[in-house]
Amino acid sequence: RQNPKDIMPGKEEVKKNKAWKSQPTRLYVKGCVMGFKRGLRNQYEHTSLLKIDNLKDKKDVDFYLGKRVVYIYKATKEVKGTKFRTIWGRITRAHGSNGAVRAKFQRNLPAKSMGGRVRVMLYPSRV
């Protein structure tokens with residue numbers, strides 16, 4: 001049996017991709033759309049309620065006030081080379097005492113976004 005390097009003498013060994021030296025950094029926090037702000041009979045679509053992962057208390061919400069939020073969804077028609085679309089918004093205030101927040105988006109979120117994921121960006125910084 002011959003060694004493959006002997007069969008093809010001029011071929012160099014193909015280098016494998018180097019593994020990450022550290023874990024890739026995620027520059028956002030995951031969140032979930034819970035629904036719209038509402039009373040018993042009226043709902044206000046201009047304000048969305050979000051639950052940010054690992055946020056359990058109202059006092060922890062203070063860090064996230066003013067942070068940018070993006071809802072990303074996939075459309076069928078490709079525009080500007082991508083099928084992904086975004087709706088940007090901002091966290092405005094806390095909602096209740098268990099770490100939920102209110103956010104206002106540039107356009108009201110569609111109803112199909114309920115239960116969907118959002119990204120809470122870690123900017124702008126207020127530190």
Side-chain angles (χ1 to χ4, degrees):
R1 212 170 153 179
Q2 291 183 343
N3 189 352
K5 289 182 181 178
D6 297 336
I7 297 172
M8 295 182 271
K11 284 275 186 179
E12 293 182 18
E13 197 172 317
V14 178
K15 293 182 180 179
K16 293 182 180 178
N17 290 340
K18 292 183 179 179
W20 289 91
K21 291 185 179 178
S22 64
Q23 289 292 333
T25 313
R26 180 166 41 95
L27 298 175
Y28 60 89
V29 178
K30 294 178 183 178
C32 179
V33 180
M34 296 194 307
F36 299 120
K37 175 185 158 191
R38 57 171 296 161
L40 184 62
R41 293 172 184 84
N42 299 329
Q43 91 176 1
Y44 303 96
E45 292 92 359
H46 56 74
T47 303
S48 300
L49 303 179
L50 310 177
K51 182 68 178 163
I52 300 173
D53 290 5
N54 301 321
L55 205 60
K56 306 287 185 216
D57 204 353
K58 186 174 184 174
K59 64 179 190 295
D60 300 332
V61 169
D62 203 36
F63 171 79
Y64 291 98
L65 297 181
K67 297 283 190 273
R68 303 286 305 275
V69 186
V70 61
Y71 171 69
I72 302 173
Y73 62 99
K74 196 172 183 181
T76 54
K77 185 178 176 185
E78 192 169 306
V79 175
K80 295 183 183 176
T82 181
K83 290 185 177 183
F84 290 101
R85 313 267 170 88
T86 60
I87 302 176
W88 286 89
R90 257 179 222 285
I91 294 178
T92 56
R93 56 175 287 185
H95 180 81
S97 59
N98 284 337
V101 296
R102 298 183 194 179
K104 291 201 172 220
F105 287 82
Q106 288 176 340
R107 289 185 194 68
N108 298 344
L109 290 183
K112 73 172 189 174
S113 69
M114 288 188 199
R117 302 298 278 179
V118 292
R119 295 180 179 184
V120 181
M121 302 301 179
L122 297 177
Y123 56 83
S125 175
R126 297 188 308 141
V127 177

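Looking only at distances, a side-chain donor or acceptor of R38 sits under 3.5 Å from a matching main-chain atom of L40. The main-chain N or O of G116 is never found under 3.5 Å from a side-chain atom of K112 such that the two would form a donor-acceptor pair. In terms of modelled atom types and a separation under 3.5 Å, the side chain of R126 and the main chain of D62 share a donor-acceptor contact.
In this structure, E45 CD and F105 CZ are separated by 14.0 Å, a value rounded to the nearest 0.5 Å. Atoms OG and NZ, on S125 and K67 in that order, are 5.5 Å from each other to the nearest 0.5 Å. From T25, atom OG1 reaches atom CG of L122 across 11.0 Å, with rounding to the nearest 0.5 Å. Annotation: the span from I91 atom CD1 to F63 atom CZ amounts to 10.0 Å, rounded to 0.5 Å. Rounding to the nearest 0.5 Å gives a distance of 11.0 Å between CG of L49 and SG of C32.
Across G66 and P124, no two heavy atoms sit closer than the pair O-CD, 3.4 Å. The two atoms that bring K58 and G96 nearest to each other are CD-O, 3.5 Å, heavy atoms only. For L50 against A103, the heavy-atom pair with the smallest separation is CD1-CB, 3.6 Å.
Considering only residues two or more places apart in sequence or on other chains, N98 meets the side-chain contact (heavy atoms from CB on, under 4.5 Å) condition with none of them. Taking D57 as the reference, K59, D60 meet the side-chain contact (heavy atoms from CB on, under 4.5 Å) condition, with sequence neighbours excluded. Every residue meeting the side chain to side chain donor-acceptor pair (under 3.5 Å) condition with D53, not counting sequence neighbours, appears here in chain and number order: R117.
Other members of the cluster containing V70 are Y28, I72, F84, W88, M121, Y123, with ILVMFWY side chains joined at under 4.5 Å, either directly or via other members. The hydrophobic cluster of Y44 has no other members, since no ILVMFWY side-chain heavy atom comes under 4.5 Å of it.
A single hydrophobic cluster is not seen to contain both M34 and V120; linkage of ILVMFWY side chains at heavy-atom distances under 4.5 Å, directly or through other members, places them apart. Taking hydrophobic clusters as Ile, Leu, Val, Met, Phe, Trp and Tyr residues chained together by side-chain heavy-atom distances below 4.5 Å, L109 shares a cluster with V29.
A heavy-atom distance below 4.5 Å is found between the side chains of M114 and F36. Taking the side chain as every heavy atom from C-beta outward, I87 and P110 approach each other to under 4.5 Å. For the pair Y64 and L55, the minimum side-chain heavy-atom distance is below 4.5 Å.
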Practice item. Mind running side-chain contact (heavy atoms from CB on, under 4.5 Å) on I52 and V101 for me, showing each step along the way? Key: CA-CA 8 Å; I52 300 173; V101 296; 4.0 Å; yes
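Sorted by first and then second residue, the side-chain hydrogen bond (donor to acceptor under 3.5 Å, both in side chains) pairs with a member in residues 70-82 form an empty list; sequence neighbours excluded. The salt bridge (Lys or Arg N to Asp or Glu O under 4.0 Å) analysis of residues 90-104, with sequence neighbours excluded, yields no pairs.
Heavy-atom contacts from other residues, nucleotides or ligands closer than 6.0 Å to NZ of K37 number more than 12.
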